[in-house]
Amino acid sequence: LGRCYWKSQNFQQARESFLTAREKDALRFRADLKINDIIREVANIKRKKNTAHGVYLADAAKSFQRQSTNQVPGKELFYEHVHMNFHGNYVLAWTVFRQVQNALKHRFPKMNATSPLPPTEKECTQLLAYTLWNHRELLSTILYDYVQNPPYTGQLYHEERVAELQKQIDYYSSLLTDDVLQQISTQYKQAVSQSPSDPWFRKKYARFLYQAQQNNQEAFNQYRMLSYSIPHSYEGYAGMGFTLNHLKQYPQAIEANSKA
């Protein structure tokens with residue numbers, strides 16, 4: 001019904017129908033209206049009684065609504081109906097940032113005139129070393145690990161969603177030429193060099209070396225450094241095991257996988 005209203009450009013009715021569909025969704029992956037209303041009500045009560053004690057409400061649902069076409073959050077913010085894409089995460093981070101900023105202003109009034117602006121979305125992609133390869137891999141994860149499997153297979157328009165995601169994966173795959181992959185490799189190297197203690201950058205670089213460039217020796221070196229950085233995590237050891245197996249160093253691979 002919501003889609004019919006949308007195609008007839010009756011966007012208010014479409015929004016109401018989509019909201020009703022969410023409320024009646026048997027697969028409760030999303031917060032419903034009642035949950036969100038309870039959160040807002042508690043925040044308002046505390047604000048009126050002046051008993052918030054440093055509690056500030058970052059209303060993500062309203063932020064998503066404002067940032068969406070005809071106030072209906074969709075493809076511009078989400079991969080499907082649950083997981084936010086990069087832009088959706090940026091909008092969420094901005095929403096939280098504004099409330100953190102408000103909290104700090106109340107505690108430190110002198111900072112009002114010097115409050116910094118957050119980085120732009122483009123700057124975030126650079127700071128986080130978020131690349132075309134990352135984007136393609138995330139789309140692949142959403143499709144192959146989630147959407148193609150139950151319970152998603154029982155959703156309306158499932159085949160349409162699968163085809164659309166596959167089309168996006170194929171498109172971004174076509175952009176990953178050898179020259180682009182080399183540029184991405186350089187970007188990861190710079191990120192690791194600038195933040196050598198950050199396990200996130202090193203993990204991304206190691207995975208890229210292993211999966212995209214099949215450079216098992218250098219991937220092993222990065223996974224080994226990752227295991228030093230987060231020795232309590234299985235990820236570094238598992239990566240060492242995978243790469244050592246491809247390097248045909250089987251005893252060392254068994255040892256690494258045992259640690260993982």
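Quick note: numbers below take in every heavy atom, side chains included, and nothing from hydrogens, waters or symmetry partners.
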Chi angles and distances behind the salt bridge (charged side-chain N to carboxylate O under 4.0 Å, His left out) call for K203, E235: CA-CA 8 Å; K203 181 172 71 171; E235 291 182 285; 3.1 Å; yes

Side chains of Q213 and E218 in contact at under 4.5 Å (non-hydrogen atoms): no

Heavy atoms from other residues, nucleotides or ligands near CZ of F97 exceed 12 (cutoff 6.0 Å): yes

pair N70-R15: side-chain heavy atoms closer than 4.5 Å: no

Output field: ring centroids F64/F78 closer than 6.0 Å: yes

D178 CG: over 12 foreign heavy atoms closer than 6.0 Å: no

same_hphob_cluster(L57, V96) at 4.5 Å side-chain heavy-atom cutoff: no

4.5 Å side-chain heavy-atom contact, Y237 and E255: no

Working for side-chain hydrogen bond (donor to acceptor under 3.5 Å, both in side chains), residues R161 and Q155: CA-CA 10 Å; R161 178 170 288 170; Q155 290 180 317; 3.2 Å; yes

CZ/F86: more than 12 non-hydrogen atoms of other groups inside 6.0 Å: yes

Criterion side chain to side chain contact (heavy atoms under 4.5 Å, CB included) on L176 and I184, from CA distance to verdict: CA-CA 9 Å; L176 293 172; I184 292 171; 3.8 Å; yes

Ring geometry between Y188 and Y205 (parallel below 30°, tilted from 30 to 60°, perpendicular above 60°): tilted

S173 versus D170, side-chain donor and acceptor atoms under 3.5 Å: no

Qualifying salt bridge (charged side-chain N to carboxylate O under 4.0 Å, His left out) pairs with a residue from residues 142-160, counting only residues at least two apart or across chains: R3-E160

H81 side chain reached by Y152 side chain, heavy atoms, under 4.5 Å: yes

same_hphob_cluster(L175, L139) at 4.5 Å side-chain heavy-atom cutoff: yes

Donor + acceptor pair across side chains of H87, E76 (<3.5 Å): no

Would you list the atom pairs, donor with acceptor, under 3.5 Å between side chains in residues 224-231 and any protein atom, with sequence neighbours excluded?
residue	atom	partner	partner atom	Å
S227	OG	R224	O	2.5

Between side-chain atoms of residues 243-254 and protein atoms elsewhere (two or more places apart, or another chain), which donor-acceptor pairs fall under 3.5 Å?
residue	atom	partner	partner atom	Å
T243	OG1	G239	O	2.9
T243	OG1	M240	O	3.1
H246	NE2	Y210	OH	3.2

Over 12 foreign heavy atoms within 6.0 Å of OH, Y234: no

Linked, directly or transitively: F29 and V147 (ILVMFWY side chains, under 4.5 Å): yes

Linked, directly or transitively: L77 and L128 (ILVMFWY side chains, under 4.5 Å): no

Q12-E16 side chain donor-acceptor pair, cut-off 3.5 Å: yes

W6 and F18 aromatic ring geometry - parallel, tilted or perpendicular at 30°/60° bounds: tilted

Option passing side chain to side chain donor-acceptor pair (under 3.5 Å) with D59 (candidates R40, Q99, Q65): R40

Y130 and H135 side chains, donor-acceptor separation under 3.5 Å: yes

